[in-house]
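Residue numbers start from 1 in every chain, and the chains themselves are labelled A, B, ... in the order their sequence lines are given, proteins ahead of strands. Only heavy atoms go into these numbers, but all of them, side chains included; no hydrogens, no water, no symmetry mates.
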Amino acid sequence: MAIITEKDLQLTYDVIVVGSGAGGGQSAYTLTMNGVKVLMLEAGRNYDPVTETPMFQSRADAPLRGMSTKEKPFGFHDATVDGGWEVPGEPYTQASTDPKQRFDWWRARMLGGRTNHWGRISLRNGPYDFKPYSRDGLGFDWPFGYEEVAPYYDKVEMLIGVYGSNEGLENTPDSPNGTLLPAPKARAGELYVKKHVAQFGISVIPIHRAILSTRQDHINFPARLHPNNPKAQKILAKAMQERAACFWATDCGRGCSIKANYQSTTVHLPPALATGNLDILCNAHAREVTVGTDGKANGVIYIDKVTGQERAVKGRAVILAASSGETARILLNSKSNRFPNGLANGSGLVGKYIMDTVGGKLGGSVPAFENLPVHNEEGAGAHVYIPWWLYKDASKLGFARGYHIEFGTGRRMPGLGVGSASPGYGKTYKEEVRQKYGAGIGFTGRGEMIPNENCFCELDPSVKDKWGIPVLRFHWKWSEHETKQAAHMEATFAMMIDAIGGKTKKPELDGTKAIEPGGSIIHEVGGAMMGADPKKSVTNQWNQCWEVPNLLLNDASAFCSNPDKNPTLTIMALAWRASDHLVEEMRKGNL
Amino acid sequence: MPTNMENIPADNSGQIDRRQALKWIGAAAAAAAIFPHASAQDKLPRPAATPTGQRIGADPVLNKNYTPGELWPLTLTAKQRKAAASLTDLILPPDNPGDKLPSQLGVQEFIDEWISSPYDETSNDRPVITEGLNWLDAEAQRRFQKDFADLAEPQKCAIADDICGKTAVKKEFKSAQNFFGRFRYLAASGYYTTPQGWKDVGYVGNVPTVNFDGPTPEALKHLGLA
C-alpha cells in the first residue's frame, strides 16, 4: 500500500480517514500500526517536504523578496501551497457585512494540511482547561479530565519530538522525565526581557515546540509507545533514525527536508505507510459520508479533483479529520432521510460553538539591543514564552481565562522593510541601519475564547463551490471576555516594552479594535463538540458520533473549549486516544 | 499559525503584515502626487496603473531561485534603470573593499520587479517610482545639464540632500521626498536580503550548526546580563 491513484483503490477498507494533518495523520498512524487497513483521502495534492522545501533560499531568491500575497499569505517560502484564507474555486461566505463579524477560514489543500507550516508550539492543556465550566460557569466541560489525556500527551511528545522543560507552574503541566527533548538556549533579548519583567510576576520559560533539538531515543521510545508490537517498534525505530536533529538554520515554517520538525508528512505518514496498511489518495475532496440501511457509516463520496468526477469508497468505519470547518461541512452535507439535518446532527450542534484564539500584538524598538555584538541568533523560531500568570486574579480582571505571550527578538533573516526606520542615505544611513537592525521586539498574545452561540457555521443556502458542493456560511461575534482580554494584552505589552526601556506606539486599549479578526490566528476548533450527554453534544468522549458510532471526528471539531495552549498537540493526543479505542471496539466486534 | 518570524516588527524581519501593508500603501497613495516637472520634460508614457501578468500562483515551485522578469515583464526604460542603479549605489555605498555595488547585485532589478508586479500591494509604488526617476533625471538636467547617473558624486548629493528627509524639505520637493522614501525602502529591502547585505547588516544566520550556542559573553555583557 502506498500513495496511490484511483485505479489502485481496494474494494473496501477497515477505516477511511478524511484529512492528512494532525488529526488524520495521528489516526492513520495509530490504526495502521495496529494492523488496521486504512484509506486516507486528502483534498490537496501530494506534497513531499524532503524534496520540496526551500531550506536555504534567501528572500532575494523569491519573487518580490518573499512578500506575503493572497496566494502565499505567510510569504513566498512558507510551506503552504494551494492554501490560505482564500482558495480559488472554494469560497465560503459571511452572514454579516460587518467586518467585526467576519470569520476568515484558513485551509491548506495539500498532503499534511496545516501541519506543514504551523508554529510547532506544543503546549499541553492543563487540568483547569478540561473543566472550565466547573471553574467559572462559562463554556463547557470536557467529558474527561487532564489525567485521562496525560498518557496520550506523553505518547505524542515521544513520537513527534518536542523540546521544552518542566517548570512546575500552575495549569502548565510537566511531562514525565525523559519525554521532552532539551530546550534550546534563550537568546540575548529573551534573557533581557526575562530579567526585566520578573518584577511583574511574569515568568519567561522555555516554550515547548515540536522540533528535534537532539535526535530521538530510537532505542527506548518505540517499545514504550508500542508495547507487545514488535513490528510497530521496528518501523518506528527506523522512522526515528531517518529524522535528523535541528541544525538551527532556516525557518521552520518553510517545512523541513531533514525531518527535524514535526509535519504529518515527515513524521506520521512515513511509518504509517511502512506498515503496508495505508493507502493515501490525494486530490480526493470528500463531499459526504454515506450511511447504510443499518444507520452506520459505510463509506465516503468524494470528488476526484483531477477529473472532476464523483467517486465512492467503502469502509467499515469513517474518521473525519478534515479541519473543524470542513468536518462540520461534510456532516451538514451528508443528508439522508434518516439524517435530514445532516449526519450525526440530532442535537443540532454540528457547526455550533466554533472558536478561534484571541490574538493581540504590539511591537517596539529597544535601544538596549542596538549594537549588540554580532553572533548567530537564528535558532529555531521561538525558544521561550510567557505562560498565563494571573490565575489567582481571575475575579479582578473583568474577563474570563487568560493568554500566553510569545515574543521575538534578535537578528533574524532580513526581509522587506529593513532600514525603513532610518532617514538619509549613504554611509551614515547604513550605519544607522546596522545599529537598529535586530533592536526590535514583537509581542503577541494568544488567549482563550469562550464558546458562544453567535459563533457558528452552517451551509450557505445558495453558494456552492466549483464542484457544486454547498459551502459554509460563517457567523461570528466576539464577547467582552475576548475583547477585554485583547485590551489587557496591549496594556501588558506596553508595560513590558516600557520595562525594557523600549519605545512603542500608544497601545490600543479598545479591545474591539485591538483584537485580531476571527480566524486570523488559525486555531479553528469546535463545531461538533464532544460531551457526556447525547442531547448536548455531537460525539462521546471517544470522538464517536452518538448517532453513528462508527463515525469518529478526530480533528479539533470535537473540542469543548479552546484554551490559550495551541490546539495541535491536543488534537494529536485525542486522535491517538480515540483511535486506540476504535481498534479495541473493532477487535471486540462492537462496530 | 507559524510563529517563527511573525513576532518581529517589519524593520527587523521584513514580514509586512496586512495591517502594515495597508498603512504604507495608503501613505504612498496619498503622497503619490504627479511630478509636473518631470512629466513635462520626459515625454514618457505614464505606466498603466495595474499591470497584468502572471501571478506567483498558489502552488509555485518553492525551492528554485527566481529572477526579476521571470514571472511578469519589467517596466523601467533603459534611462530609468540607469538612474535607479545610480541612486541605489548612492543610498547604499559599499563599506568594505571587495564588496559589490548594490547595482551589481541587481537591486534596481528587484525594484523594477516590484513596481511591475500584478499585485495590489505594490501598485501604488509604480507611478511613484517611475515618475520619481523621471524627475530625478529632469532635476539633474535642470541643475547640472546631465542625467543623474552621469553626475559627479557631490552633484548627486546636492539633489539627494534636498529630498532625503534628513532636513526639513522645501515645498516644491514634497513629491520628490515621497519618491525618495519609497525608493530607499525598496533599495534597502532589495539589498539587505542578499548575502552581502546580510553580512553588511550583521546577520550571520542561515548557516547549519551542530549546536545552538546562545548569546556570546560579549552580547550578555552588552545587556548587563553577564
query: So, B/Asn63 and A/Gln57: side-chain donor and acceptor under 3.5 Å apart, yes or no?
result: no
- prompt: Which bit of A/Met110 is near chain B, if near means a heavy-atom gap under 4.5 Å: side chain, backbone, both or neither?
  reply: neither
message: Please evaluate residues B/Asp213 and A/Lys185 with respect to the criterion salt bridge (charged side-chain N to carboxylate O under 4.0 Å, His left out), reporting the C-alpha separation (whole Å), side-chain torsions for both, the decisive distance (0.1 Å), and the verdict.
response: CA-CA 7 Å; B/Asp213 295 328; A/Lys185 288 180 180 156; 5.2 Å; no
task: Would you sort out whether A/Leu191 and B/Leu223 count as a side-chain contact (heavy atoms from CB on, under 4.5 Å), showing the intermediate values?
output: CA-CA 9 Å; A/Leu191 292 170; B/Leu223 291 173; over 6 Å; no
Segment of A/Ala245 engaging chain B (4.5 angstrom heavy-atom cut-off): neither
- request: Measure the shortest side-chain to side-chain distance between B/Phe212 and A/Cys246 over non-hydrogen atoms and say whether it is less than 4.5 angstrom.
  value: no
- prompt: Do the non-hydrogen side-chain atoms of B/Tyr119 and A/Glu71 ever get within less than 4.5 Å of each other?
  reply: yes
field: Note: B/Asp95-A/Arg434 ion pair, threshold 4.0 Å (strictly below)
entry: yes
- request: Go through the atoms of A/Lys430 and report whether side chain, backbone, both or neither lie under 4.5 Å from a heavy atom of chain B.
  value: both
statement: Of the listed B/Leu105, B/Leu90, B/Thr194, the one with the largest count of heavy-atom pairs under 4.5 Å with chain A is B/Leu90
field: Side chain B/Glu218, main chain A/Pro373, donor-acceptor under 3.5 Å
entry: no
- line: Minimal heavy-atom distance between B/Val210 and A/Trp248, with the atoms involved, is O-NE1, 3.4 Å
message: Rounded to the nearest 0.5 Å, what separates atom CE in A/Met67 from atom OG in B/Ser117?
response: 5.5 Å
message: What part of B/Lys64 gets within 4.5 angstrom of chain A, counting heavy atoms only: side chain, backbone, both, or neither?
response: backbone
message: Return the OG to CG distance between B/Ser116 and A/Leu64, rounded to the nearest 0.5 Å.
response: 9.5 Å
message: Is the ring pair B/Tyr66/A/Phe76 parallel, tilted or perpendicular, if the boundaries are 30 and 60 degrees?
response: perpendicular
query: If you count heavy-atom pairs under 4.5 Å with chain A, which of B/Leu220, B/Leu71, B/Asn211 comes out on top?
result: B/Asn211
- request: Indicate yes or no for a side-chain donor-acceptor contact from B/His222 to the backbone of A/Glu370 under 3.5 Å, with no hydrogens or angles considered.
  value: yes
- request: Identify which part of A/Thr214 has an atom lying under 4.5 Å from any heavy atom of chain B, answering side chain, backbone, both or neither.
  value: neither
- prompt: Counting N and O atoms only, with roles assigned by atom type, does the side chain of A/Lys427 sit under 3.5 Å from a partner on the main chain of B/Pro94, one being a donor and the other an acceptor?
  reply: yes
statement: In terms of heavy-atom contacts, A/Gly417 and B/Tyr185 come closest through CA-CE1, 3.5 Å
message: Between A/Thr69 and chain B, with a heavy-atom cut-off of 4.5 Å, which part of the residue counts as in contact: side chain, backbone, both or neither?
response: both
statement: Counting heavy-atom pairs under 4.5 Å with chain A, the top scorer among B/Leu92, B/Thr167, B/Leu186 is B/Leu92
message: I'd like to know which of B/Cys157, B/Ala187, B/Gly165 tops the heavy-atom pair count under 4.5 Å against chain A.
response: B/Cys157
task: Could you check which of A/Thr428, A/Thr51, A/Asn371 has the highest count of heavy-atom pairs closer than 4.5 Å to chain B?
output: A/Asn371
- request: For chain A, find which of B/Gly224, B/Pro93, B/Pro68, B/Pro60 contributes the most heavy-atom pairs closer than 4.5 angstrom.
  value: B/Pro93
query: Checking heavy atoms, do the side chain of A/Arg45, its backbone, both or neither come under 4.5 Å from chain B?
result: side chain
field: Note, A/Tyr429 side chain near B/Cys164 side chain (heavy atom, < 4.5 Å)
entry: no
query: Atom CG of A/Leu372 and atom NZ of B/Lys221: how far apart are they, to the nearest 0.5 Å?
result: 13.0 Å
message: Is A/Tyr192 in contact with chain B via its backbone, its side chain, both, or neither, using a 4.5 Å heavy-atom distance?
response: both
task: Looking only at non-hydrogen atoms, find the nearest pair between A/Val418 and B/Ala188 and report the distance.
output: O-CB, 3.4 Å
message: Between A/Ala62, A/Ala368, A/Pro423, who has the most heavy-atom pairs with chain B when the cutoff is under 4.5 Å?
response: A/Pro423
task: Take B/Thr209 and A/Phe247 through the test side-chain contact (heavy atoms from CB on, under 4.5 Å) and record every step on the way to the result.
output: CA-CA 5 Å; B/Thr209 56; A/Phe247 52 44; 5.8 Å; no
- prompt: Non-hydrogen atoms of chain B under 4.5 Å away: do they reach the side chain of A/Ala186, the backbone, both or neither?
  reply: backbone
query: Just how far is it from atom NZ of A/Lys72 to atom CZ of B/Arg55, taken to the nearest 0.5 Å?
result: 14.0 Å
message: Assess, by modelled atom type and distance only, whether the side chains of B/Tyr203 and A/Glu378 contain a donor and an acceptor separated by less than 3.5 Å.
response: yes
- line: From the list B/Asp59, B/Ile56, B/Leu225, B/Val207, the residue making the most non-hydrogen contacts under 4.5 Å with chain A is B/Asp59
message: Restricting to non-hydrogen atoms, name the atom on A/Pro54 and the atom on B/Leu62 that form the minimum distance, rounded to 0.1 Å.
response: CB-O, 3.4 Å
message: We want to know whether A/Arg65 and B/Thr193 form a side-chain donor-acceptor pair, criterion being a heavy-atom distance below 3.5 angstrom.
response: yes
task: Report, as yes or no, whether the 6.0 Å neighbourhood of atom CD on B/Glu153 holds more than 12 heavy atoms from other residues, nucleotides or ligands.
output: no
message: Would B/Arg184 pass as a cation-pi partner of A/Tyr425, given that its NZ or CZ must be under 6.0 Å from the six-membered ring centre and within 45 degrees of the axis?
response: no
